[in-house]
Amino acid sequence: MPPLSARLPVFPWDRLEPYKKTAAGHPDGIVDLSVGTPVDPVPEVVRAALAAAADSPGYPTVWGTAELRDAITGWCARRLGARGLAHTHVLPVVGSKELVAWLPIQLGLGPGDKVAYPRLAYPTYEVGARLAGAEPVVYDEPREVDPRGLRLLWLNSPSNPTGRVLPKEELTATVAWAREHGVLVLSDECYLELGWEADPVSVLHPDVCGGSHEGIVAVHSLSKRSNLAGYRAAFLAGDEGVLAELLRVRKHGGMMVPAPVQAATVAALGDDAHVLEQRGRYAARRTALRGALEANGFRIEHSEASLYLWATRDEPCWDTVAALARRGVLVAPGDFYGPAGGRFVRVALTATDERVGEAVRRLTA
């Protein structure tokens, strides 16, 4: 039996290790702007909730507590403008990457089915299709995909890696097209609260979905907005029939968010103050890094939202990675996100103020 890993591409981050070693050799240390992993403190209100729920000896449920489902539906109404969400419209998941990777299998997809995602995209969309044995299909415009055999259409706004935000009109037209062809839409909205030059809109907004959640599911994460990447706290909201099926499957797999993390998620979704504080940190880092990159000859494209700057000097991305590594700055090559990114690099805002300042100093020296 061939190993399952044979279906998958080489894990991209392994290719970056030699450049990381080069950057780490800089006399003043590495500035790692490659992986978008939070570095700022977990909000105190979240840590207090986690600690208060630490004595949780029993098994949690896959569907989560009623308090968690209340928190999710309430947040979706308040922040996304979503109307009419009940507990049956939401489902907590063990981090959004797990969900993306295993969703096609949990939906019963396999050979003969197609999964479509943007040409420039988070690589796990492709991984999920390949794990299921389905056919991965890339697109430039979602409504140009051949709908025959298409079972799952991924949207990603704001985009990772480009930071592009899809206009409300485009989302509306895509949802209508997908419903016409019986295609399930999964909208990855994990960066929705980090809009800078645009105001991202959810597929759950009534102007997009027409007040119906049929055929659409939104994916949200607390990793970036609340610095909870280490907690693996995320959730789905949307079509209750789809979520009911996922709940049945995930019960058999024991895919349970730990009880203390559920309590922490309730606290995080109920507190907007820490989100505004974190946005302020990222906004300052974004301004500083963008100015330094442009002063160094880079052009920034899209990047109107999310935690990244999509930058190019109109040269092969690995040449850019190597040049910056020699200055002790590590960034992600654009081809990690598809061949179309071959002349770009992704620069993360997730470094401390001190390290960002050091990167600015090196780029403008």
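In this text, all values refer to a predicted model and were calculated from it rather than measured experimentally.
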Q.
Tell me the closest heavy-atom pair linking D272 and R78, and the distance in Å.
A. OD1-NH2, 3.0 Å
Q | Atom of C76, atom of F235 and distance for their closest heavy-atom approach | A | SG-CE1, 4.0 Å
Q) Looking at L99 and W154, what are the two nearest heavy atoms and their distance? A) CD1-CH2, 4.3 Å
(Q) I need the L68 CG to L91 CG distance, nearest 0.5 Å. (A) 9.5 Å
Q | Atom pair CG/CG of D353 and D40 - distance to nearest 0.5 Å | A | 7.0 Å
Q) What do you reckon, are the aromatic ring centroids of F344 and Y337 less than 6.0 Å apart? A) no
Q) Take atom CZ in R7; do more than 12 heavy atoms of anything else shown fall under 6.0 Å from it? A) yes
**Q.** Step-by-step side chain to side chain donor-acceptor pair (under 3.5 Å) determination, T73 to H89
**A.** CA-CA 8 Å; T73 56; H89 294 100; over 6 Å; no
Q | Nearest heavy-atom neighbours spanning N156 and N160 | A | OD1-N, 2.9 Å
Q) Should we count CG of D14 as having more than 12 external heavy atoms under 6.0 Å? A) yes
Q: Step by step, work out the salt bridge (Lys or Arg N to Asp or Glu O under 4.0 Å) result for D319 and R313.
A: CA-CA 10 Å; D319 291 354; R313 290 197 300 203; over 6 Å; no
Q) Is the distance between the ring centroids of F336 and W13 less than 6.0 Å? A) yes
Q. Could you give all pairs that pass the salt bridge (charged side-chain N to carboxylate O under 4.0 Å, His left out) test and reach residues 88-115, with sequence neighbours left out?
A. E98-R250, D113-R151
(Q) With a 4.5 Å cut-off on side-chain heavy atoms, are H220 and L236 touching? (A) no
**Q.** Gap separating the CZ atom of R286 from the OG atom of S306, nearest 0.5 angstrom
**A.** 8.5 Å
Q: First locate atom CZ of R290, then atom CG of L349, and finally report the distance between them rounded to the nearest 0.5 Å.
A: 11.0 Å
Q: Name all residues meeting the salt bridge (Lys or Arg N to Asp or Glu O under 4.0 Å) criterion together with E214; count only those two or more places apart in sequence or in a different chain, and write none if there are none.
A: none
Q. Which residues satisfy the side-chain hydrogen bond (donor to acceptor under 3.5 Å, both in side chains) test with W75, sequence neighbours excluded?
A. none
Q.
Is there a side-chain contact between H87 and W63 in this structure, where contact means two heavy atoms from C-beta onward sitting under 4.5 Å apart?
A. yes
Q. Just wondering, do Q106 and M255 contact through their side chains at under 4.5 Å, heavy atoms?
A. yes
Q | Residues in salt bridge (Lys or Arg N to Asp or Glu O under 4.0 Å) contact with R15, at least two apart in sequence or another chain | A | D335
Q. Will you find, in the side chains of H302 and R164, an N or O donor that is under 3.5 Å from an N or O acceptor?
A. no
Q) In terms of ring plane angle, is the pair Y125 and Y117 parallel, tilted or perpendicular, where the classes change at 30° and 60°? A) tilted
Q. Would you say the side chain of T265 lies within less than 4.5 Å of the side chain of P92, judging by non-hydrogen atoms?
A. no
(Q) I need the R285 CZ to L309 CG distance, nearest 0.5 Å. (A) 13.0 Å
Q: Nearest 0.5 Å please: distance from the CD1 atom of I216 over to the CG atom of L186.
A: 10.5 Å
Q: Kindly indicate whether the side chain of W196, heavy atoms from C-beta on, has any atom under 4.5 Å from the side chain of S303.
A: no
Q. Does some side-chain heavy atom of F298 sit less than 4.5 Å from a side-chain heavy atom of T312?
A. no
Q | Lys/Arg N to Asp/Glu carboxylate O, E193 vs R79, below 4.0 Å | A | yes
**Q.** Parallel, tilted or perpendicular, as decided by the 30° and 60° cut-offs, for the rings of H181 and W177
**A.** tilted
Q.
salt bridge (Lys or Arg N to Asp or Glu O under 4.0 Å) for E170 and K168? Distances and angles first, verdict last.
A. CA-CA 5 Å; E170 186 171 341; K168 182 190 296 183; over 6 Å; no
Q: Give a yes or no on whether a salt bridge exists between E17 and K21, defined as a side-chain N under 4.0 angstrom from a carboxylate O.
A: no
Q: Answer with yes or no whether the side chains of R143 and T174 bring together a donor and an acceptor at under 3.5 Å.
A: yes
**Q.** V201 to H205 - nearest heavy-atom pair and separation
**A.** CG1-CB, 3.8 Å
Q. Below 4.5 Å, heavy atoms only, C-beta onward: do V127 and L131 meet side chain to side chain?
A. yes
Q: Tell me, yes or no, whether the heavy-atom count around F11 atom CZ, taken from other residues, nucleotides or ligands under 6.0 Å, exceeds 12.
A: yes
Q.
Restricting to side-chain hydrogen bond (donor to acceptor under 3.5 Å, both in side chains), what partner residues turn up for T364, sequence neighbours left out?
A. none
**Q.** Minimum heavy-atom distance C190-S221, with the two atoms named
**A.** SG-CB, 3.5 Å
Q. Does the side chain of L155 reach to within under 4.5 Å of the side chain of D188, using non-hydrogen atoms?
A. no
Q: Please list, chain by chain and in numerical order, all residues satisfying side-chain hydrogen bond (donor to acceptor under 3.5 Å, both in side chains) with R279, sequence neighbours excluded.
A: none
**Q.** ILVMFWY cluster, L289 and I300 together (side-chain gap under 4.5 Å)
**A.** yes
Q) Does the side-chain contact (heavy atoms from CB on, under 4.5 Å) test come out yes or no for E135 and V115, once each step is laid out? A) CA-CA 6 Å; E135 178 184 351; V115 176; over 6 Å; no
Q: Show your reasoning for whether side-chain contact (heavy atoms from CB on, under 4.5 Å) applies to V145 and L150.
A: CA-CA 8 Å; V145 178; L150 182 62; 3.8 Å; yes
Q: Step by step, work out the side-chain contact (heavy atoms from CB on, under 4.5 Å) result for D32 and K20.
A: CA-CA 8 Å; D32 192 343; K20 187 173 184 178; 4.1 Å; yes
Q. Under the 3.5 angstrom rule, does the side chain of T350 hit a backbone N or O of V35 as a donor-acceptor pair?
A. yes
**Q.** For E189, the option from P158, S202, P200, S157 that meets side chain to side chain contact (heavy atoms under 4.5 Å, CB included)
**A.** S202
Q) Honestly, is R346 close enough over W310, meaning NZ or CZ under 6.0 Å from the six-membered ring centre and within 45° of the axis? A) no
Q. How about H274 and N227: does a side-chain donor come under 3.5 Å of a side-chain acceptor?
A. no
